[in-house]
Amino acid sequence: MTDLPSTSATDVDLDGDPTDVVAAVWAGALGLDTVDPDEGFFDLGATSVMVVDVVRVLRRRWPGIKIVDVFSRPTVRQLAAFLGDG
C-alpha cells in the first residue's frame, strides 16, 4: 500500500517567491528538508497521490492550478515559472 502524503505540506507559508513556495510544498509532501529546484517531482519519489495533495495546497494561492500542470512542469523551477505571481 502506498504511504499517504505528509500533512506537513499543508503547514507551508504560501506567501513569498513562487519558487520558494513550490519547493517548500514539495519538500513537505515528500518529507524532505529541501528540494533541488531542477530535479523532477517524480524523480524525488513522489507518487500520484502526492500530486493531488500538492495541488490541493497550492490552490490556496493559485486557484487555477491543475494536476496536469505538475505532470507537464515536473520541476519546481518549471512549475514556479508557470505559476508566476498568480
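Computation of the quantities below employed the complete heavy-atom set of this structure, encompassing side-chain atoms and omitting hydrogens, waters and symmetry-equivalent molecules.
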Worksheet item: Is the shortest heavy-atom distance from the side chain of V57 to the side chain of L14 under 4.5 Å?
Response: yes
Discussion item. Can you confirm whether L58 sits close enough to V21 that some side-chain heavy atom of one is under 4.5 Å from a side-chain heavy atom of the other?
Written reply: yes
Worksheet item: Taking all atoms of both residues into account, what is the closest heavy-atom pair of G16 and R61, and its distance?
Response: O-NH1, 2.7 Å
Worksheet item: Can you find a pair of side-chain heavy atoms, one from F82 and one from P18, that are under 4.5 Å apart?
Response: no
Discussion item. Do I65 and L79 make a side-chain contact, defined as non-hydrogen atoms from C-beta onward lying under 4.5 Å apart?
Written reply: yes
Practice prompt. Would you list the pairs meeting salt bridge (Lys or Arg N to Asp or Glu O under 4.0 Å) in which at least one residue belongs to residues 65-77, sequence neighbours left out?
Written response: D38-R77, D69-R73
Item to complete: Return the minimal non-hydrogen interatomic distance between V76 and T19, and the atom names on each side.
Response: CG1-O, 3.5 Å
Worksheet item: Less than 4.5 Å apart, any side-chain heavy atom of F41 and any of L30?
Response: yes
Worksheet item: Is it true that F71 and F42 have ring centroids separated by less than 6.0 Å?
Response: yes
Response to the item:
Here the pair of heavy atoms bringing R59 nearest to I67 is NH2-N, 4.5 Å
Discussion item. Give me the atom names and distance for the closest heavy-atom approach of V12 to R60.
Written reply: O-NH2, 3.8 Å
Worksheet item: Residues two or more places apart in sequence or in another chain: which of them pass salt bridge (Lys or Arg N to Asp or Glu O under 4.0 Å) with D33?
Response: none
Worksheet item: Closest approach of V35 and A23, non-hydrogen atoms and distance?
Response: CG2-O, 3.9 Å
